[in-house]
Amino acid sequence: MSLKLHNSLTGQKEHFEPQNPDNVTLYVCGPTVYNYIHIGNGRSAANYDLLFRVLNALYPKVTYARNFTDVDDKINAAAKDEGVDISVFAEKYMQAYDEDMAKLGNLEPTIVPRATEHIGDIITTIEALIERGHAYAADGHVLFAVDSFDDYGKLSKRNTEDMIAGARVEVASYKKNPMDFVLWKPSSDDLPGWDSPWGRGRPGWHIECTAMIQKHLGETIDIHGGGTDLLFPHHENELAQGTCCSDHSGGYAKYWVHNAMLDIEGEKMSKSLGNFIVLRDILNEQPPELIRLALLTAHYRSNMNWSEQLLHQSRSLLDRLYTIKRDGDALITTDIDIRDTEFFAMLLDDLNTPKAFANLHELTTRFFKAESDDERAALKSEIHAIADFIGVMQMDAQAWFQGTSDDSALSADAIEALLEERVAAKEAKDFARADEIRDQLAAEGIQIKDTREGTLWSRDS
RNA sequence: GGCGCGAUGGCAGAGUGGUCAUGCAGCGGACUGCAACUCCGUGUACGCCGGUUCGAUUCCGACUCGCGCCUCCA
């Protein structure tokens, strides 16, 4: 039983072999905290949470670090716009991020390091790079010398000459090579700054990840993850720094994993198109499990399209799962090891969630067709193991179907009263009245289902 | 322009050198007082052109189209 992962470094699916199976290390680039995160960030987070869960099922210990970049020019600019203190501003969005993650059902990473708490480590890393001839100070800045690293461009598969030729940005005078990137830059008095050998300043964009990795996870990590948009320049630069800042034979990261982007109804999400979905908004509008499931149904390396149809399909599966949870109440289930399921075996193939969910669908259909309670119980046990593993079907079935009523909706008591009246009407063979009640409920968004044990109802949403 | 990725049935989306993906929607049926739920049945799918092969949606090459990155971005 082993995991296969697509490694961006080689462009191929490879067998995952950790350096130390007793402590697997995973680092994922977290948010720069200057706003609430959007649904695409949520997708990325859910995908890496799934990877974390898979690794946890395979290895006794997994150290998963996901950072907060809480010093950045975008934060400075946004805080200034709002007239809020920068650290207060960043703190607000870090807290919001934690809330969003919890609501989405993501497990907490082992470590959540913050850039501002690692300024000393960042300076140490920069000093090491200078000492080793890979970085130089100029004009209060410190820059990484791209020419000092032969493999620069290896990860994103591009060469520096082409990039310089196609560059559209002006090259700062203090750069020796136009591709050199900033490790440290000077801060004016109104900006966050820390004392350093190069004067008061703040770190550049990429260095914080490298410093935090070296500090918490070691010189060579097993898996480094992030969105494909980070491949260049962020990860390329990290790879350069991380490789050059110390002597390590294993390289900076053994496997680079990149998730694809998300579109909304076929269009790129953007504020100007008015199709921007803030994760916390949609988590308030829809059941969080629905959002989580929908985000996981696409393969992480494929572009995914967020649409009404996707939500409809995901809801359909969740309804089936909760129907099993509700109707299979009397069945005696047993604990099943997720590693013994076909579902898990499919995830081992580079997190093939579409294939895994096809398997889940088959299990639900087999459950409904099963002819014996033993068979149903076995299937329900397997379905529960899967649902628990991916973090859905965690609600009470009644709560899932009946939802929480807002003020304008019909109360549960009122619904029950109408249903009682309907039962009476049916007994009196007054089907016209019975149908009238059903139509009335339907108009209020209540669907009903007659069973031998009585009438069940659920809310649309 | 450079680098990379992709093109599968109405839609979404796996996969395979020669029998089924799967889901949603549609249609027909069973169940039901009628419904809903559930079940059963149902659809000449693999961008275009060459090549390899006994045989290609699957391998190779060209072409067309789409997407991502190259600047902040998951």
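No experiment lies behind these values; they were computed from the predicted model shown. Naming convention: chains lettered A, B, ... in sequence-line order (proteins, then strands); numbering from 1 in each chain.
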Phosphate contact (A25(B) OP1 or OP2) by His312(A) side-chain N/O below 4.0 Å: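 For A25(B), OP1/OP2 do have a side-chain N/O of His312(A) under 4.0 Å.
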
Under 4.0 Å: is that the gap between some side-chain N or O of Ser302(A) and OP1 or OP2 of A14(B)?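 So the side chain of Ser302(A) is within the cut-off, an N or O lying under 4.0 Å from OP1 or OP2 of A14(B).
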
Show me the dot-bracket string of RNA chain B, counting Watson-Crick or G-U pairs under 3.5 Å, with | for pairs to another strand and [ ] for crossing ones. (((((((..(((.....[...))).(((((.......)))))....(.(((..]....))).))))))))....

Let's see if you can work this out: which of [options] has an atom nearest to the side-chain heavy atoms of [X]?
X         : options                : answer
Ser44(A)  : A74(B), G2(B), A14(B)  : A74(B)
Arg422(A) : G33(B), A14(B), C40(B) : G33(B)
Leu262(A) : G68(B), A25(B), A74(B) : A74(B)

Between [N] ([atom2]) and [X] ([atom1]): distance, integer Å:
X         : N      : atom1 : atom2 : answer
Asp100(A) : A74(B) : CG    : P     : 14 Å
Lys74(A)  : U71(B) : NZ    : C1'   : 11 Å
Arg315(A) : C24(B) : CZ    : C1'   : 14 Å
Leu293(A) : A12(B) : CG    : P     : 18 Å

Establish whether the base of G15(B) is bridged to the side chain of Asn352(A) by a donor-acceptor pair shorter than 3.5 Å.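 Absent.
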
Is there a side chain to side chain donor-acceptor pair (under 3.5 Å) between Tyr174(A) and His141(A) once you walk through the steps? CA-CA 8 Å; Tyr174(A) 45 77; His141(A) 293 68; 3.1 Å; yes

Excluding sequence neighbours, so at least two apart, what forms side chain to side chain donor-acceptor pair (under 3.5 Å) with Asp349(A)?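 Testing Asp349(A) for side chain to side chain donor-acceptor pair (under 3.5 Å), a comparison that skips the adjacent residues, returns Lys13(A).
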
Describe the nucleic acid contact of Lys449(A) in one word from base, sugar-phosphate, nothing, applying a heavy-atom distance below 4.0 Å.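 If one applies the 4.0 Å heavy-atom cut-off, Lys449(A) turns out to touch a base.
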
Counting any heavy atom closer than 4.0 Å, what does Arg43(A) reach on the DNA or RNA strands: base, sugar-phosphate only, or nothing?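 Answer is nothing: Arg43(A) stays at 4.0 Å or more from every strand.
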
If you take any heavy atom closer than 4.0 Å to RNA chain B, which residues from residues 427-434 of chain A end up in contact?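 Correct list: Phe431(A).
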
Scan residues 226-234 of chain A against RNA chain B and write down, sorted by residue number, each residue with any heavy atom closer than 4.0 Å; if none is found, say none.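 Going residue by residue through residues 226-234 of chain A, the ones with a heavy atom under 4.0 Å of RNA chain B turn out to be Gly226(A), Gly227(A), Asp229(A), Leu230(A), Phe232(A).
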
Tell me, please, which residues at least two apart from Glu375(A) pass side chain to side chain contact (heavy atoms under 4.5 Å, CB included).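 Glu375(A): side chain to side chain contact (heavy atoms under 4.5 Å, CB included) contacts with Ala370(A), Ser372(A), Leu379(A).
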
Check the angle between the aromatic planes of Trp400(A) and Tyr322(A) and answer parallel, tilted or perpendicular using the 30° and 60° thresholds.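 Because their plane-to-plane angle is under 30°, the rings of Trp400(A) and Tyr322(A) count as parallel.
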
Determine the interplanar angle of the His258(A) and Trp256(A) rings, folded into 0 to 90°, and report it as parallel if under 30°, tilted if 30 to 60°, perpendicular if over 60°.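 His258(A) vs Trp256(A) ring planes: parallel.
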
At a cut-off of 3.5 Å, list every protein nitrogen or oxygen paired with a nitrogen or oxygen from nucleotides 19-23 of chain B, distance to 0.1 Å.
residue : atom : partner   : partner atom : Å
G23(B)  : N2   : Gln313(A) : OE1          : 2.9

